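Reviewing the structure listed below.
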Amino acid sequence: MLLTVSSIVIAALKYNTSSLSLITGYSQEEKIEIAHRHLIAKQLAQHGLTPEQIQIPPETTLEIITRYTREAGVRSLDRSFGAVCRAVAVKVAEGQHRDGKPESADVTDVEASGSFDLLDSTDIHLHFPAGAVTKDGPSAGVAIVTCLASLFSGRLVCSDIAMTGEITLRGLVLPVGGIKDKVLAAHRAKLKRVIIPQRNEKDLEEIPLNVRRDLTFILAGSLEDVLNTAFDGGFLCKRGQELLNSKL
């Protein structure tokens, strides 16, 4: 029985090997046809663009194929269209941003104090590529807002700090998962302080004692707690409506 199975496997491998030698890649003309029938439309949809905003003529497709994607299939060609669409999407977003931005808005007005309100006079467009890891999105909430605060204020975030936490539109910091893994990663990176959501305090019990001794933990309940820790000397935020308690 074993010999029979082995014979079948060998015969199958020989057949597959001989068959593979007959498979050829797409011709340039076939790649152009596939691109304009399927790939371009897919990338436009994924990047929120319309045919009125971007046109890729066959001549351009051919140049991409011959200069940047020398392959048998069309995967690299598809990725190249994605890169083109991302560049156009950024320009479209910047155009809308400039048109909608009031003349009186000036970021330099708030750089001496470090105080700003993201919603006062600025529209912000955040684009996350489809290739991003979905579950990492909420956990990066406080880090994203901190990056924006640094960008608009011109101030640097402390280099010895790590952070995680979901954030609401009203500035509440909500709990996230994977605290142990994230703290251990921060420890391996030789960071000294870690900001975690206040409601994740119980998860610190899972952290090895030697790691906890090496780190300082900041329990954040609001955006104000995060920014005051992330920037030397604190960070002055404009207060709008009072924070609402969340039942999440």
Side-chain angles (χ1 to χ4, degrees), residues 13 15-108 111 116 118-157 166-167 169:
L13 289 174
Y15 174 78
N16 288 335
T17 303
S18 61
S19 298
L20 286 174
S21 64
L22 299 177
I23 298 176
T24 59
Y26 295 117
S27 67
Q28 290 186 352
E29 291 74 17
E30 289 172 331
K31 289 182 179 180
I32 294 174
E33 190 72 14
I34 292 171
H36 287 267
R37 282 193 179 186
H38 307 288
L39 302 183
I40 294 176
K42 182 187 76 172
Q43 290 295 341
L44 289 182
Q46 288 182 353
H47 290 82
L49 297 171
T50 65
E52 289 72 27
Q53 293 170 318
I54 176 175
Q55 292 286 335
I56 303 179
E59 296 78 11
T60 301
T61 303
L62 178 60
E63 186 173 359
I64 294 174
I65 291 171
T66 55
R67 296 185 60 184
Y68 302 102
T69 60
R70 294 182 179 178
E71 58 175 353
V74 293
R75 288 185 180 180
S76 295
L77 180 60
D78 190 28
R79 287 195 291 266
S80 296
F81 286 135
V84 172
C85 288
R86 281 193 293 276
V88 174
V90 169
K91 291 183 178 180
V92 170
E94 288 177 343
Q96 294 172 347
H97 175 79
R98 286 193 297 269
D99 293 339
K101 184 177 178 180
E103 292 294 332
S104 58
D106 190 352
V107 175
T108 58
E111 287 181 355
F116 78 103
L118 289 179
L119 301 181
D120 255 0
S121 58
T122 305
D123 293 327
I124 300 171
H125 172 83
L126 294 178
H127 175 70
F128 296 91
V133 181
T134 307
K135 68 177 182 180
D136 287 348
S139 297
V142 294
I144 292 170
V145 175
T146 302
C147 288
L148 290 173
S150 174
L151 174 66
F152 278 83
S153 67
R155 298 179 59 191
L156 297 177
V157 178
E166 183 175 354
I167 194 164
L169 293 176

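The model shown is predicted, which means the values in this text are computed figures rather than measured ones. Position 1 is the first residue of the sequence; numbering continues from there.
- For T60, the side chain to side chain donor-acceptor pair (under 3.5 Å) test picks out no residue, with sequence neighbours left out.
- Note on residues 47-67: pairs passing ring-ring contact (aromatic ring centres under 6.0 Å, His included), not counting sequence neighbours, are H47-H127.
- The structure places CZ of F81 at 4.0 Å from OG1 of T61, a figure rounded to the nearest 0.5 Å.
- Of the possible donor and acceptor atoms, none in the side chain of E63 sits under 3.5 Å from a partner among the backbone N and O of E59.
- In this structure, the side chains of V74 and H38 stay at 4.5 Å or more apart for every pair of heavy atoms.
- Considering CD1 of I64 and CZ of R79, their distance stands at 13.5 Å, rounded to 0.5 Å.
- Atom-to-atom distance recorded for I65:CD1 and I32:CD1 is 5.0 Å, nearest 0.5 angstrom.
- Taking NZ of K91 as the reference point, atom CG of L49 lies at 12.0 Å (rounded to 0.5 Å).
- Contact detail for T50 and L44: the closest heavy-atom pair is C-CD1, 4.5 Å.
- For the pair E30 and S27, the tightest heavy-atom approach, listed with the atom from each and the gap, is OE1-N, 2.9 Å.
- Within the model, atoms SG of C85 and CD1 of I56 stand 5.5 Å from one another, a figure rounded to the nearest 0.5 Å.
- Atoms CZ and CD, on R86 and Q46 in that order, are 9.5 Å from each other to the nearest 0.5 Å.
- No donor-acceptor pair closer than 3.5 Å links the side chain of Q43 to the backbone N or O of I40.
- Scanning both residues, Q53 and V92, for their nearest heavy atoms gives NE2-CG1, 3.7 Å.
- Using a distance-only test at 3.5 Å, with no hydrogens or angles considered, no donor-acceptor pair links the side chain of S150 to the main chain of T146.
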